[in-house]
Amino acid sequence: MEGREEQYALLSQLMDTAAELIQGPNTDNQRLLLEGGMLSQVNELWVRQRVDEVTFRGLIQDNEDLFPMWMSLLKTMRICEIASLKFLLSLLEEEYLDSEDADFKEKSLSVVEHKKMTIRRMVEELDPNIICDKIITHWNLSSEGRLPATKIANVKDEAEDESMDTSHMMIRPKREFEATTYTLEDQEVHCLEVSFLCWALFEGVKEAKEFSTKPPPEPDKRKGGGKEEER
């Protein structure tokens, strides 16, 4: 556990910096980060974070002296999760184009191609199961999931490698309810933010027209008004 908090704090700062570099948006910087494998690294970070959370939460059961250190680490991990999701959402930011611009058509085509590349890489390199698991897990750990009636059942993927499985139900131990350094209210606020950011990311990719694989609808010949109809 020692040293982990500093690592997650550094990763959080890196995500914040990366998000700032691509704001505007700066499509050149977006492309550099995408082609540099940043999405795969974020995916690996989420898996590592989940493994750490399960491992360290189990570790303190037999060592109460580590509890204050654990709660500080947990807060840093949540902030890192939020930073990584905000970075990913900033990749979906599109450049505003003025339709009166003389180069509007060329710029439009460039924007569309860049968005296609972004969506394709997100679909290929981000694990949708992890994102969905995070939505459910953090919803259940937020104030919205306090009651059994509002909890969402976790969905187990039988084909998932057990060491990579992020679908297990996460239960907050009693001692974390009573924590004073990272209060229950702050924990629940962070969890709700993670859940909604994951949902926003999932929807942002799924609803993008560049994501659609459906063929365009065939024209309705009855509405064509062609020469044959005129006869």
Side-chain angles (χ1 to χ4, degrees), residues 1-23 29-30 33 36-60 66-93 122 125-127 130-146 164 166-173 175-205:
M1 188 184 300
E2 187 174 353
R4 265 293 197 267
E5 184 174 354
E6 289 77 9
Q7 292 176 2
Y8 279 106
L10 179 58
L11 287 169
S12 182
Q13 292 173 13
L14 289 172
M15 294 295 174
D16 289 339
T17 301
E20 291 174 4
L21 288 173
I22 61 179
Q23 283 179 356
N29 287 341
Q30 286 181 340
L33 291 173
M38 192 71 171
L39 297 181
S40 296
Q41 293 175 31
V42 170
N43 207 74
E44 292 174 8
L45 169 63
W46 287 342
V47 174
R48 170 47 54 192
Q49 182 271 329
R50 175 73 179 215
V51 171
D52 281 351
E53 186 167 348
V54 172
T55 301
F56 294 142
R57 186 171 275 122
L59 182 64
I60 63 171
L66 294 175
F67 182 67
M69 184 188 300
W70 159 243
M71 292 308 296
S72 181
L73 171 58
L74 180 60
K75 182 177 182 179
T76 305
M77 290 166 70
R78 289 285 182 264
I79 292 173
C80 184
E81 283 183 274
I82 291 169
S84 69
L85 288 161
K86 287 183 175 179
F87 160 70
L88 294 176
L89 286 169
S90 66
L91 287 170
L92 296 175
E93 185 180 355
M122 284 189 168
E125 299 177 35
L126 294 177
D127 189 338
I130 294 179
I131 298 173
C132 291
D133 289 339
K134 288 171 80 66
I135 293 173
I136 296 172
T137 295
H138 289 82
W139 172 271
N140 289 338
L141 291 173
S142 75
S143 57
E144 300 296 329
R146 286 182 182 178
M164 303 284 284
T166 58
S167 66
H168 290 299
M169 177 73 75
M170 189 75 73
I171 300 175
R172 180 179 286 114
R175 61 172 68 88
E176 293 182 17
F177 280 91
E178 302 168 349
T180 56
T181 54
Y182 185 28
T183 64
L184 177 62
E185 181 181 3
D186 289 342
Q187 293 176 51
E188 291 181 331
V189 167
H190 283 158
C191 286
L192 190 59
E193 185 171 3
V194 170
S195 182
F196 272 100
L197 287 173
C198 285
W199 176 83
L201 175 63
F202 192 90
E203 285 292 298
V205 174

Heavy-atom check, side chain of [X] versus side chain of [Y], under 4.5 Å:
X: Val54; Y: His168; answer: no
X: Ile79; Y: Tyr8; answer: no
X: Leu91; Y: Met38; answer: no
X: Leu59; Y: Phe56; answer: yes
X: Met71; Y: Leu74; answer: yes
X: Leu39; Y: Leu88; answer: yes
X: Met69; Y: Ile60; answer: no
X: Leu197; Y: Lys86; answer: yes

Specify the closest pair of heavy atoms between [X] and [Y], including all atoms of both residues, with the distance to one decimal.
X: Asp133; Y: Ser167; value: OD2-N, 3.5 Å
X: Ser84; Y: Leu45; value: CB-CD2, 4.4 Å
X: Arg57; Y: Ile171; value: CD-O, 4.2 Å
X: Glu188; Y: Ser142; value: O-CB, 3.6 Å
X: Ser90; Y: Gln30; value: O-NE2, 3.3 Å
X: Phe177; Y: Arg172; value: CE1-O, 3.2 Å

Check [Y] with [X], please: is the shortest side-chain N to carboxylate O separation under 4.0 Å?
X: Arg50; Y: Glu81; result: no
X: Lys75; Y: Asp186; result: no
X: Glu44; Y: Arg48; result: no

Sidechain-backbone polar pair: Thr76 side chain, Ser72 backbone, donor-acceptor under 3.5 Å: yes
List the steps and the verdict of side chain to side chain donor-acceptor pair (under 3.5 Å) for Trp46 and Thr166. CA-CA 9 Å; Trp46 287 342; Thr166 58; over 6 Å; no
[X] [atom1] to [Y] [atom2] distance, which is reported to the nearest 0.5 Å:
X: Gln49; Y: Leu11; atom1: CD; atom2: CG; answer: 11.0 Å
X: Phe196; Y: Ile135; atom1: CZ; atom2: CD1; answer: 10.0 Å
X: Gln7; Y: Asp52; atom1: CD; atom2: CG; answer: 8.5 Å
X: Leu73; Y: Glu6; atom1: CG; atom2: CD; answer: 9.0 Å
X: Ile82; Y: Cys191; atom1: CD1; atom2: SG; answer: 8.5 Å
X: Leu21; Y: Phe87; atom1: CG; atom2: CZ; answer: 9.5 Å

Just wondering, are more than 12 heavy atoms of other shown residues or ligands nearer than 6.0 Å to [atom1] in [X]?
X: Glu2; atom1: CD; answer: no
X: Phe67; atom1: CZ; answer: yes
X: Glu203; atom1: CD; answer: yes

Exactly one of Gln187, Glu193, Glu53, His190 clears side-chain hydrogen bond (donor to acceptor under 3.5 Å, both in side chains) with Arg78, and that residue is Glu53
Verify side-chain contact (heavy atoms from CB on, under 4.5 Å) between Met169 and Asn140, making sure each step is shown before the conclusion. CA-CA 9 Å; Met169 177 73 75; Asn140 289 338; 4.0 Å; yes
